[in-house]
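So the structure is just underneath, and the comments pick up after that.
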Amino acid sequence: MRATDTITVATTRPETMLGDTAVAVNPKDERYKDLIGKTILLPLTDREIPIVGDEYVDAEFGTGAVKITPAHDPNDYQVGERHNLPRLLVMNEDATMNAEAGPDFDGLDRFVARAKVVERFEELGLLERVEDYEITLPVCERCKTIVEPILSDQWFVKMEEMRDMALDLMRTEGVPHFSPQVPHEKVYTAWLENLKDWTISRQLWWGHQIPAWYDAEGNVYVARSEEQAIENAGGRELTQDQDVLDTWFSSGLWAFSTFGWSGDTHVPTDAASASERLADKEEAAENRSLGDKSVPAPAEKNVHSPSDLDVFLPTDVLVTGRDIIFLWVSRMIMLTKKFTGKKAFEDVIVTGTVLGKDGKPMSKSRNNGVDPIDMFDKFGVDATRIYLASIATGADIKWNDIGVETYRNFANKIWNATRFCLMNSEGASISSESLLQQASFSSPPVLGGVAAASADGVVPPEGGTPNFSLADKWIISRLNKTAKAVNQAIDTYQFHEAIQLLYHFFWDDFCDWYIELVKDEITGGDAFTGGKATVRERASDVGEEGTLAYTRVSARSRILTVLEQALRLLHPFMPYLTEELWQKLPGVSNSLHNAAYRSAASTIMLTSFPAGDDALIDEKAESEMQSVIELITKVRNIRAEMNIKAGDRLSIHVAASSEMQAIFTANEAQIKKLARADKIVLGDSLDVPKASARAVLTGGAEIAVPLEGLIDFDKERDRLQNQIEKLDVELQRLNGQLSNANFVERAPADKVQELRGRKEELEQQIITLKANVEALV
RNA sequence: GCCGACUUAGCUCAGUGGUAGAGCACUCGCUUCACACGCGAUAGGUCACAAGUUCGAAUCUUGUAGUCGGCACCA
């Protein structure tokens, strides 16, 4: 190589060239490969630096030659390590140049030095060109100062072993099981695979100071305490490392340090109390009936007292946010495995991020934050809590006051429904769940409050228990179906689904229908005296008054018991409200508690979570109730569309099968009340005046409401036409599907059958409605 | 640059192969004795766009556009 040859490199920080200790090229680069091993003069200095070959250099990028500044660039540092290059610090900690930069630059600010280097290059004719180039700069979050990479001593944690432990857990056991699994499991695994050693030194004035001490010669002594360090140093005077531990290092110990770990897992604890807690945990797991997660037995039982660590580690589930997975969750997993040999936890639920109203992450600079305290004041703690829980697992959501308001209203609804039940609870009381089991008609009645009330002349009807009404069987079925679905949803961490189910059950089923259906029975209104004929007849010889009272009391106990179960189901999501209301229910006591806690003061917190009972799910009752609901809804629709005044009573004519007639007869009082009718005429066919509004029901039933003088024929025609059109749209689609030979051949038979049934139903309804339209003319 | 997510009614969001849902807002009616933070009845969607797989797609595949996130940022 001739003495005049040059290599051109590019840099965004010209002043760092003063600290260059090599030029690197790609060993495969034809242009430069012969230069490897030679040296080159570094301008502005008197140094001669080597040319090294390193795969790090991308021959395609820039000039294909890179200046190497090991003390001021992380990548260069690694190149330096590979080639044993000196690490020359040319800057002070305040980003001014130091003596190593040479007398011309010593003491200059980096930016001044930068300009001066460029100037000198220009003077020397060494500058090829200056061009604009966009890079991302590391900037101090608080003071906005541009951060310069600089060589310094830091403590690192070797991660290889712990990383492999964590990867092994994921690969062999799938632990932790992330929920939602996608994309977190993949991201977590990829992160671990690329994990580098962990810097735990932090240059902060607060925190846990690193337990390393230095003597005057710079020798290091790591110890648990300063005394021990001094002892290890043979009494020499020591100074402690000024840095503090990364906050996540301390936090990473949390999963097991909270259970009394201190290097010895055989922490002596009160044996009895630990064993009890183990029993409680097992029992709680059973009672929740949320799958068969077993609690691991303490190792070497009977050898030493089980400690909290033995009993509670690993925990079941950790709930956290996305950004915490690397910082904290992974560290807990690795450190726990390393120090205790155990898993930290089985499952990790990753919640979404609550964004500001502008759809961006909340931050002070954007000023789009939501203060939870404001929400508590405005909507209540329970409403805020259930709103947050109602967000789909893992989904980000824009904060929405309307959403919280929805649950504030729900809380109000629960309060008012309970208030209604309590206003009409005289003589009644919660019994155990066994009350609901009477729906199966197999066991003798165990009616809470009945014995006490008997003194007041409340007498059971002859033959024991009153038959449950359709509404009773229906709500009990709905309750148990909901409970089962809620358990399943919680078990799979689908909290939003559980909440949706409970919201619908409580508001629509319980409040809008059940309370309204049994209201008169409970308060002693009209439907009560008119609708319980069978009970009264059976009890004729014990006196009507007593039986009426008995029936009312048992209805009251029934609704309270359903309510009590609903409050339990809602309790995890609305703890304060449900506890408050539960305490007010007559007959609640610690006898309702989970068996392990019978002696504790009564609280809803210690009752078992309703699991739902298949035996109490009654599809027939649900389907029959659906017919009643449909009938009432159709009549209400006629009332609304025909502008019938709320106070006007009307009569309902129904043509239906004998089975359906029987259902409507049994629920006549309730239908009349809720449809605001004073008469129901049931028969095999309709015999009504032309001036009637009509509708069809599922199952071939037909109804008519005579509206002499009230009907608007044009309006009624439009109303019927509108319904026909809607049904026709669906029929057309079904016809299209069913006329497709491929569908009929390949789709599952039951699906085809289902659609055929639906088609027939639609055709029948359309025929009827069309006939109704013609009859109007 | 690499990886990923999201796009459904006016708004905020559910819905992973079989007739599109909720809350709020909108329209109409209601001092119905638990609740107007309520009750009753309506209306409102080519499920971002395109192609493919399938008897059948909001749902599965691929591509496009837009929005957002994570990682790497480089001489």
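A, B, ... follow the sequence lines: proteins, then strands. Residue 1 opens every chain. These numbers come from the heavy atoms of this one structure, side chains and all, not from hydrogens, waters or symmetry mates.
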Hunt down the Watson-Crick or G-U wobble partner of B:C35, both distances under 3.5 Å, from any strand shown, or write none. none
Let me know the distance between CZ of A:Phe506 and C1' of B:G38, rounded to the nearest Å. 14 Å
Base, sugar-phosphate, or nothing for A:Lys413, non-hydrogen atoms under 4.0 angstrom? base
Side chain of A:Glu516, heavy atoms from C-beta onward: which of B:G40, B:C3, B:A34 has the nearest atom to it? B:A34
So what does A:Ile397 touch, heavy atoms closer than 4.0 Å: a base, only the sugar-phosphate, or nothing? sugar-phosphate
Grab the OH-P distance between A:Tyr77 and B:C74 for me, whole Å please. 19 Å
Regarding B:A14, can its base be found pairing with the side chain of A:Gln494 as donor and acceptor, where the two atoms are less than 3.5 Å apart? no
Using the side-chain heavy atoms of A:Lys726, tell me which of these nucleotides is nearest: B:A34, B:G18, B:A43. B:A43
What N/O pairs connect the protein and nucleotides 23-29 of chain B at under 3.5 Å? Give each pair on its own line.
{"unit_1": "B:G23", "atom_1": "O2'", "unit_2": "A:Thr406", "atom_2": "OG1", "d": "2.3"}

First of A:Gly62 and A:Ile632 reached from the 5' end of RNA chain B, by closest nucleotide: A:Ile632
Just to be sure I understand the rule, does A:Asp58 reach a base, reach only the sugar-phosphate, or reach nothing, if contact means heavy atoms closer than 4.0 Å? base
Verify whether the ring centers belonging to A:Tyr407 and A:Phe379 lie closer than 6.0 Å. no
Sugar-phosphate only, base, or nothing, as touched by A:Glu641 at under 4.0 Å among non-hydrogen atoms: sugar-phosphate
Pairwise C1' distance for B:A72 and B:U64, with rounding to whole Å: 26 Å
Quick one: label A:Arg676 by what it contacts on the DNA or RNA (base, sugar-phosphate, nothing), any heavy atom closer than 4.0 Å. base
Evaluate the ring planes of A:His184 and A:Phe178, with Trp represented by its six-membered ring, and classify them as parallel (under 30°), tilted (30 to 60°) or perpendicular (over 60°). tilted
How many angstroms lie between CZ in A:Arg639 and CZ in A:Arg636, if you round to the nearest 0.5 Å? 10.0 Å
Would you verify whether the NZ or CZ of A:Lys519 falls within 45 degrees of the ring axis of A:Phe420 while also being under 6.0 Å from that six-membered ring's centre? yes
Which base, if any, makes a Watson-Crick or G-U wobble pair with B:U16, both distances under 3.5 Å? none
Partner lookup for B:C60, please. Criteria are Watson-Crick or G-U wobble with both distances under 3.5 angstrom; report none if nothing qualifies. B:G52
Please work out which of the three classes, parallel, tilted or perpendicular, describes the rings of A:Phe410 and A:Phe506, given edges at 30° and 60°. perpendicular
Under a 3.5 Å limit for both distances, which nucleotide forms a Watson-Crick or G-U wobble pair with B:A41, could you say? B:U27
Please work out if A:Thr63 contacts a base, only the sugar-phosphate, or nothing of the nucleic acid, heavy-atom cut-off 4.0 Å. nothing
From CD1 of A:Ile391 across to C1' of B:A22 the rounded distance in Å is 15 Å
In terms of side-chain heavy atoms of A:Asn637, which of B:A75, B:A34, B:A41 is nearest? B:A41
Report the base-pairing partner of B:G69 (Watson-Crick or G-U wobble, both distances below 3.5 angstrom), or none. B:C3
Which part of the nucleic acid, if any, lies within reach of A:Ala747 when heavy atoms closer than 4.0 Å are counted: base, sugar-phosphate only, or nothing? base
